[in-house]
Amino acid sequence: MSIASIIGQVLVLFGTFFYVVSSLGLIRMPDVYNRMQTATKSATLGSLGVIIGVGIWAIGEVGSYSWIPKTLIIAVFLLLTNPIAAHALIRAAYKSGVPLWEGSIVDRYKEVESSLERVEEIKEKLKEPSLGVEMNE
Amino acid sequence: MGEASKVSRYLYTVLILFIIWMFLTSSFDSQEITIGAVFSLIIGALTYEVFTERGLENLNPKRMAYAIAYIPYFLWAMIMANLDVAYRVLHPKRPINPGIVECKTILTNNTGKLALANSITLTPGTITLDVKGDHYFIHWIDVKDKSIEGASEHITKPFEKFLKVIFE
Amino acid sequence: MVGEMVKRILAIVFILIIGLWMAKGLDQVPFGEDRMLVGKYYLEHVTEETGAINAVTAVVVNYRGFDTLGEVTVLFIASTGVAALLWRKKRKRTAKKEGSVVLTTGAKLLLPFVMLFGAYIFIHGHLTPGGGFPGGATIATAFLLLYVAFTVYEIDHKIFEPLEGLAGVGYVTVGLIGLAVGGYFLFDWIWQSWGLGKENIGRLFSAGFIPIIYILIGLKVGTELTGIIDNMVKEPEEGGQ
Amino acid sequence: MSQYASLLIALPLFSAFFIPILKRLNKSAIMPFLVVVTLVQTGIAAWVFNEIYITGKPIIIMAGGFRPPVGINLYIGHFAAVFILVVTLASFLMTVFSMRAVNVEPKDKYAMLFLLLMLGATGMIATGDIFNLFVFMEITAISAYALTAYNKTGESSEAALKYVVLGGIGSSFFLVGIALIYGSLGTLNMAHIGQLASMINPTAAKIGLALLIFGLAVEAEQFPLNAWAPDAYQEAPHPVTAMFSAFVVKASLYAIGRIIYILSAAEGWSSVLRLLIVLGTLTVIVGEMSALRQNNVKRMFAYSSIAQVGLIAMGLALGTESGVSASVFHMFNHAIVKALMFLAVGYVAIELGGVEMSKFEGLGKRMPITAFAITVGAISIIGIPLFNVFWSKIQLILAALNAEYTWVVALILGASLIEATYYIRLIHTMWFKGEGEKVKENSVLALIMLLLVAFIIVIGIYPEPFWDVMQKAGRDIFDVAQYVKNVPLMGVSP
Amino acid sequence: MIEIYLFLIAVAVILSMYRFFRGPTTADRIVAVDIMTTLTTGLMVLFALHYRRAIFLDVALVYAVLAFVGVIAFARYMEGGL
Amino acid sequence: MNPYYFASIALILIGLYAILVKRNVLKMLVGLSIMETGVNLLLISVGYVSGRSAPILSEGITPDKAVDPIPQALVLTAIVIGVATTAMALSVVINLYEKYKTLNVEEIRRLRG
Amino acid sequence: MNELALIVFAPLIAGALAWLVDIKGIREIFGVLGAAVPLGYTVLLYQKTGEGLNFALNLGVFKLTFALNTLNWFFLGIGALVGFAAILALVSTGRDSYEWLFALMSLSGVIGVFLANDLMTFFIFWEIMTFASFMMVLHYNRSASLKYFLLSVFGAYAMLLALGIIYAKLGTFDFGAIQQAMYQDAYASAFGGETLISKNESALIYLLFLIAFGVKAGMFPLHVWAPDAYSETNQSYTAMFSGVLSKAGVYGFILLYVLMGTRLALEFGAFRSATKFGYIIAFLGGLTIIVGGLLAALQEDIRKLFAYSSISQLGYILVGIGVGTALSIQAAMFHVLSHALFKGLFFLIVATIVYRTGKTTFADMGGLAEKMPFTFAMAFVAILSLAGIPPLVGFASKWVLFEAVISQNLPILGGMVFFGSAIGFVYLIRFVYAVWFGQRPTDLDNTKDAPLPMAIAMAILALFNVILGIAPGLVAKELNRIFGKEIIGGDLFILDLGFGKYNALAVTIYLVVGIIIAGIIYFLGAKVKKVPVTDTYQSANPVTMEYNLTIRRNFFLPLKETLAFWLRVSFDRLYRTIGTWVEDLAEVMRTYIYNGNTQSYAWYLAILLLILALWGV
Ligand code: NA
Ligand code: NA
């Protein structure tokens, strides 16, 4: 077994571990936000491990270096897109009204959102022609 | 900060695309390179306006250097984050203390903000929930400080020093 | 409700019996056995006859070209049909919640890459598992990304529709050139009449007209799927019936 | 030269793809373009027909120049030659009608879908490969879904939904059938299947054949799989309804016939046939009974059409050459008559704003040519001598009796009695009931209707040349050995 | 060896399925899908090695692209941004 | 029964079940898609030959080491057709919902008899 | 062109031309010429009947074959003659080109039926005839036409099924071949050999033909269409309808004898002196006589009266055919001729009356003899002929028929026949008095006599009534020629059955003398006394308009009351009820099956799959 194979395997093992962690997190965490916290991170890292690991492993196993660039591309793509997807999802979850876990201690977003709404309401009122006030945006 | 010239932006886009093509094909076959060049030129022409604002300016050596340095830093942070996750997931009591906090950033560039948001998402106990202007709203699995300043100190600051150089 | 229960139980009984019946038939087609007849011919002759190393691609584009032409047509019908059904005098997007800067910036950055992936996939159809359809779908994905990220984004139908048509016309024309040059509709004139690329088997510039057709299909599928997406996300304006 | 028959596929495709470009150039040219294309297509079909009936040999189109079973081939034999001509001619007439009948936008899309519906049916009739048959069937079906819903009313969408759901189930099971046949034989070419059919595993063949027939029977409107049909017929734009009845359903029926007979050497074959006969008979009975007190005349015609289709399926499943020939003849006659009747009823709907029975009161005075056309069509369908349908109906019945299906004939005749009842009621309503203002009838449409009427009567009075052609067409389906011989199969063998 | 990893990842995918079926919110299901697609991408890459065929990597790449956009589309649909 | 066949048949039946039982039109369409998936899986399974690889003759795969390419080609076509059907069905449902304001299949029955 | 083709198609072509030209005057010329051609050729072809003249038209689908022989010449002659007369009368009463087309088409149809030499040709022309006559009725009345059409189609389908079975078993439609095969079958079955057609099948074929021909002949209980259809169409046309078209049914029964009489006789045995299958026909014929006669008596409408009368008369013919001896069949055919002649004449008379007065009920008529003397004279002939008074043709045929039935010792049938004769007098009396004599309503004071074409038409038929009445030997000779042996003996004026003799000439002479005497008395002083309608007395009943039993109104009300129970048993109503059931069933089925629910429809697919699975296909 070549060194490349060993390094590759180690990486794959590492990645697989986080894959499993990711799925466990998905099951165990109490609300969607916390599930995302755990699952996304470990799935992303796991992917890096598994995918790049395969690229390196292939050097020893198949004898080709051409796996590396392609696995890298895939890994980078996941690295870039997974957090975006997670962000989009968590935002969507929040905006579609999924409540925070009852154990959550703070919701800053809600506070800001409601104050912003109040600002909007005031703006609307001020816009009414009788007041004749020009709002400065 | 204004936009770079169209030529610069276009060339930058084509260059990036071509590099990616080379990665994709993993081959130095002349035919692949030819087609790759053609495709990069075409797709670059179609997309450079949305793809980049600064064009070749991105390739400034200092930025490149910081970007390269950022990789191990970030990877380390990420591994730590995941060990943290593993701990929380596998611990029978699920030690969590979640909440949504607000942070402020000094970054102004959109790409920088994206990088920051992604970095936050992938590192310990945090996910970017929304970005409004320079305010980040972050779901934090283990809230240690509820104030804007305190949260920023914990969450955004560590990355900003790199990202500021790379993207600003 | 009792009726509901009965319906479910009946449905289960039905599908189980139907399933057993199908299984009985499939039992006569043992899994994993080599039963190839025409398939074997393809595998043995594909490189010599079409220049492709991906036998599936050769089957799709050359040997069973009619299927593929039909497949392109089916998608064209879907895109046309969706456009016809969702046509209103005035339609526009009504989405309210703009994506965050993370999403919009991410979409902008990813757009060219995704497009390049698409192009990569359809141009390598004769060498890898790709081809015009997945490539086109990937290109459509690039546009979907824009729709997803920006609530105001819309494609320009004035460009997309003629492009879609042009790609189709191009495909049929390639086939007709085959009829004129080689005497058969969809005849691979580049490979079989002109013999171009014979020395290139396994490399990009080979496989006769497969890459050309896949470029056309990629364009066509990309524009069509994008058109379908566009039609699906738009809603009629008030009084725009 | 004969390979140029592939223009039958290429031309409609090219034209359909060209329409988006034409739309940019000149939008008002689309409908005239449609007329021209279908006319040219009719010309090609006529040339092909002539070629085949002069040489007596089928045209085998080999796509890509690969010999079957390696390449897909089209088999334009005696049957396909006739029915492609029917398809193109009916399409041509309906494009003319469309110029008057279709006012809902977007017309460019309508034109494309119209062409592709025609293409799909042409392909189904011509193809020599079962999977390619599936592809063309889906082309037909999906354009039909779109056209059914084209008017964008709630009802038209409802009709299309039913069509999609049932059609979708049907095509899925059709594919399972293909999987079974392919899995047992390793080929998809019809002639090749015909050649190898005696070696096929009986269980797989039986179930595969049953599933193929099941899938096709949905499109071929066999009871009880036809529940989508009356709704779709009722709600589709009038020219499209005419096309449904004239050739879309016929293409599926043909496919049933073709598949049945290429697998005739397989075991268990006759039990599938028997089932199809039962289905066909039930289709006739239920169709006629449903039409009996129908107040919506277009729907009534739809049920009537379904009943006739049942008759055709029954004939195809008799397993005798005379049955197949009679069925083919009936397909042909029915295509003419129903094209005429749906054209007429559609025209009434346009002029009088509805197709309820009350709208037909006094039609004889208001729109005499249209009423006359409907009357001739109805009389023909009932099966009165001197009108075309009589000949095929009686041939079908004789064929069934010859195959010892007396009970089938008795039931069908009973159902025909019902058919006579509702058509006579309609005729009476049109001519001897009610008054109304005279409507000026469109001279082009009147011409088309009279043309079809003339056709009905000419065949009715002098069926010989037509019957001659139909017998050849029927033999084309029935004589599998000849079919296999005609296709230049290359030596791919196990 | 590879088979073991394949098995483990498959187990992970199946575990994620639990969340997909369990819910309880739509967001939960989409998260589950997101994770599953990521795991599946890894699985596909590993399969490529198992079969020793680099061409399968392309499949994984296309899959990753489609899955990403798909998940985002669902997310945006859920929040009313489509 | 082989697991691939089993899975294909199961998918087909699950799809059919959804069509037969679910009242929501969209769910019925999902059922249809599941059926299509099952069918595609079945086709692919029929073409599989044990111990062989994808019929792309590179990386040391010779004709005797490749599986049957035909079912794969068929499935490509079938998938596209499935997509097209689904797209059509969805736009039909969009129109339907606009006019009927419901997706309950039992309330969508103006056309009958 | 072959003469047979000309005979068959000339009316059709003429009709089509008349329809296309549609100019009053010209279309009549076309029409009359079209009807004249068959008549002319029929006369010319008399000599050639023995030569086996035939004609075939290959349609590809089938070969239409026609042949002329002595038997069908007889029917052809009747058809051509009465048809020509009716068409001539149509010149006056025809309303539009539509009627010309279908009247002539039906003539072509019936001629085709008579001349057909194979079952398929027979069926095709049968259908054409039915369809055309239906169109004539449809023009006037929907429900009558629908009833006619449904029963006809029912009959036609029965025939189709029968001929389909024959074709499937024997592989031929040709009469000769079928006759041959059936004959062989008959002996094969008698000696226990293999038969092509089994006993059950031959019974089925017989039953189907019984229905098919029974409908057309108006045989009880399939007669219900006839009264409405005969009365609800152009009355000139009715002459042909009742006179000729109904005879196609009779011809069919004779054909049944020709084709498979031996087979049926041997297979099913005898009842008393008749064959079983024949006795059924005869018995139904007898019922037809009674029912037709009774109902005729109860009618208030002049057209209906003759419609029922026609039914009743057809009954005689069926009895004759059913009894099945050579003599009885000859008698039946004789009666076919005389019924065509006198009933054709009757309907032309009715047509004239309706045409001139616009009235159809007895209540509105009276005293027309004075205003329409020519028509009255014609009616006189017709009445005498129908009533079976010598020396008219009606007597001759009826006499032979009575003799034929009585001689066979079939008492029930004999009773029925006599009863029919009696009731015939009853309804004729009404026609005579209510229409021609008595008080004339004032609005009929300006009534004119028959127009020329109708007059000619009536005259032709009347002439034949008289000539063949005085010289029945002409007919007998022809009938003997058909049967190939002398069954009715005698000479031109004398019919000799061996056990009875009728001298027409002698009777004529007595009668002429009697009429001259009566005429002298009439002109010497008998005058009609005018009395108000309500001044009439009726055996102790107060005279109200409701119970006003004058000859013109409800004359046979007491009879009606007596028969009330039986009149409720109406086959007409029974058929209607069945029709309603079918419609309701169809309605229920339609709404249940096509219930609009997509999911139910998906279930249908699943059910079929289940059936496939369980059937083990
Ligand atoms: Na992710
Ligand atoms: Na992902």
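Computed from heavy atoms alone, side chains included, the values below leave out hydrogens, waters and symmetry copies. Order of the sequence lines sets the chain letters (A, B, ...), proteins ahead of strands, with each chain counted from 1.
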- Message: Between F:T86 and F:V83, is the side-chain contact (heavy atoms from CB on, under 4.5 Å) condition met? List the steps.
- Response: CA-CA 5 Å; F:T86 308; F:V83 168; 5.7 Å; no
Using only non-hydrogen atoms and a strict under-4.5 angstrom cutoff, which residues of [range] touch chain F?
range                       : result
residues 147-155 of chain D : D:A149, D:K152, D:T153, D:G154, D:E155
residues 227-234 of chain D : D:D231, D:Q234
residues 160-176 of chain D : D:A160, D:L161, D:K162, D:V164, D:V165, D:G168, D:I169, D:S172, D:F173, D:L175, D:V176
residues 290-301 of chain D : D:Q294, D:R299

Approximate separation, where rounding is to 0.5 Å, of [X] [atom1] and [Y] [atom2]:
X      : Y      : atom1 : atom2 : answer
D:L216 : D:I259 : CG    : CD1   : 5.0 Å
F:N40  : F:S45  : CG    : OG    : 10.0 Å
D:N201 : D:I181 : CG    : CD1   : 10.0 Å
D:L113 : D:D108 : CG    : CG    : 9.5 Å
D:L116 : D:I142 : CG    : CD1   : 11.0 Å

If you count heavy-atom pairs under 4.5 Å between each of [options] and chain D, which one has the most?
options                    : value
F:I81, F:L42, F:T85, F:L43 : F:I81
F:D68, F:L29, F:V93        : F:D68
F:V39, F:V46, F:I19        : F:V39
F:I70, F:I12, F:I94        : F:I70

- Query: Between D:L119 and D:L115, does a side-chain contact (heavy atoms from CB on, under 4.5 Å) hold up when you go through it step by step?
  - Reply: CA-CA 6 Å; D:L119 167 86; D:L115 278 175; over 6 Å; no
- D:M112 and D:P20, any side-chain heavy atoms less than 4.5 Å apart: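 D:P20 vs D:M112: side chains touch.
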Check whether any side-chain N or O of [X] sits under 3.5 Å from a backbone N or O of [Y] as a donor-acceptor pair, and report yes or no.
X      : Y      : answer
D:T187 : D:I193 : no
F:E107 : F:T102 : no
D:E219 : D:M137 : no
D:R67  : D:L489 : yes

- Item | Donor + acceptor pair across side chains of D:D129, D:T127 (<3.5 Å) |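 On atom types as modelled, these side chains do not qualify, holding no pair under 3.5 Å.
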- Query: Between F:N2 and F:Y48, do the side chains contain an N or O donor and an N or O acceptor separated by less than 3.5 Å?
  - Reply: no
- Task: Tell me, for F:R112 versus chain D, whether the close heavy atoms (under 4.5 Å) come from the side chain, the backbone, both or neither.
- Result: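 Contact with chain D involves the backbone of F:R112 alone.
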- Message: Tell me the closest heavy-atom pair linking D:T241 and D:A236, and the distance in Å.
- Response: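 Of all heavy-atom pairs spanning D:T241 and D:A236, the closest is OG1-O, 3.4 Å.
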- Can you name the nearest heavy-atom pair linking D:S304 to D:E288, along with the distance? CA-OE1, 4.4 Å
- With only heavy atoms counted, which part of D:L188 is less than 4.5 Å from chain F, the side chain, the backbone, both or neither? side chain
- Query: Run the side-chain contact (heavy atoms from CB on, under 4.5 Å) check on F:V30 and F:K22 step by step: do they pass?
  - Reply: CA-CA 10 Å; F:V30 170; F:K22 298 289 174 191; over 6 Å; no
- Do other residues, nucleotides or ligands put more than 12 heavy atoms under 6.0 Å from F:Y100 OH?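 Enclosed.
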- Candidate pair F:L103 and F:R23, rule side-chain contact (heavy atoms from CB on, under 4.5 Å), full reasoning: CA-CA 8 Å; F:L103 288 177; F:R23 289 219 178 74; over 6 Å; no
